[in-house]
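Structure record follows, encoded as structure tokens.
Each ligand, and each atom within it, is numbered from 1 in the order the structure gives. Heavy-atom basis, side chains included; hydrogens, waters and symmetry copies ignored.
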Amino acid sequence: MSTTFRLDRLLANMGYGSRREVQQLVRMGAVVLDGTPLADPDMRLAATPDLAQRMRIDGVRLDPPPGMAIMLHKPLGVTCSHKEAGALVYELLPTRWRMREPAISTVGRLDKETTGLLLLTDDGDLLHRIISPKRHVAKRYVATLARPLRGDEAAQFATGELMLEGEDKPLAPAVMEPLSDTVARLTVTEGRYHQVRRMFAAVGNHVEALHRDRVGALDLPADLAPGKHRLMGEGDIAAVFG
Ligand code: URA
């Protein structure tokens, strides 16, 4: 069963203007559902995903209704924050999406200097399911290191006993595979602050570049260029938990 919304509130919450501006759009016949202009801004309708195919605003397809999930290829140098100085990940999305209520938020964060697969959603339940420690959703990174691997890192990360500086709870076991002397793939199931950088610091190394290429079983699509985003379908969401 999907929730129903008043048309003017739904469109206002999707960033199409104030309630009053949206009511005006409806009166002008600019809001069309299944080919028919809607006349009543008070009408209730279900915000099902197919609404984006069925509704046009000023002749343009409706944005995805609430309950959207997005994958973004985060480029270097942008911050996962709504309000910090400098370039923000939200500025990589269409302008109107920044005015949505509920707001679109990142699912966890990647550091400003980390690139790769970043998920965003306006669905609080989905967000919490992905970041919940109970779900153990794996996050896979490729780290480029300042110094050659010593050879004991994978064993240390696998113990479930490694302690990060300033913390009192050991890290859950993590899987590391060397890709070369100075490049390693690391899969973690937690989301501690600067976790991967701090893990390599704990074994005497330094991460020079960090890229996330997978969340759960969802890979960063090879054809999704840095800075670009794509809506997630049900299969993509299932893959995160797969
Ligand atoms: N670990 C880090 O150190 N940084 C990230 O952005 C993600 C994981």
Presence of salt bridge, Lys112 and Glu84, under 4.0 angstrom:
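Looking at Glu84 and Lys112, the cut-off is not met.
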Residues Arg192, Glu190: salt bridge by 4.0 Å N-O rule:
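A salt bridge links Arg192 with Glu190.
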Tell me whether the centres of the aromatic rings in Tyr141 and Phe200 are closer together than 6.0 Å.
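Between Phe200 and Tyr141, which both carry aromatic rings, the centre distance is not below 6.0 Å.
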Would a distance-only check, ignoring hydrogens and angles, find a side-chain to backbone donor-acceptor pair under 3.5 Å from Arg98 to Tyr90?
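Judged by distance alone, yes, a pair lies under 3.5 Å.
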If you measure from CZ on Arg100 to CE on Met14, what distance do you get to the nearest 0.5 Å?
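Between atom CZ of Arg100 and atom CE of Met14 there are 5.0 Å.
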Amino acids contacting ligand 1, non-hydrogen cut-off under 4.0 Å
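Near ligand 1, by chain and number: Leu110, Asp111, Thr114, Tyr141, His194, Gln195, Val196, Arg197, Leu210.
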Find out if a path of hydrophobic residues (ILVMFWY) with successive side-chain heavy-atom gaps under 4.5 Å connects Leu224 to Leu93.
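Unlinked, Leu224 and Leu93 end up in two clusters.
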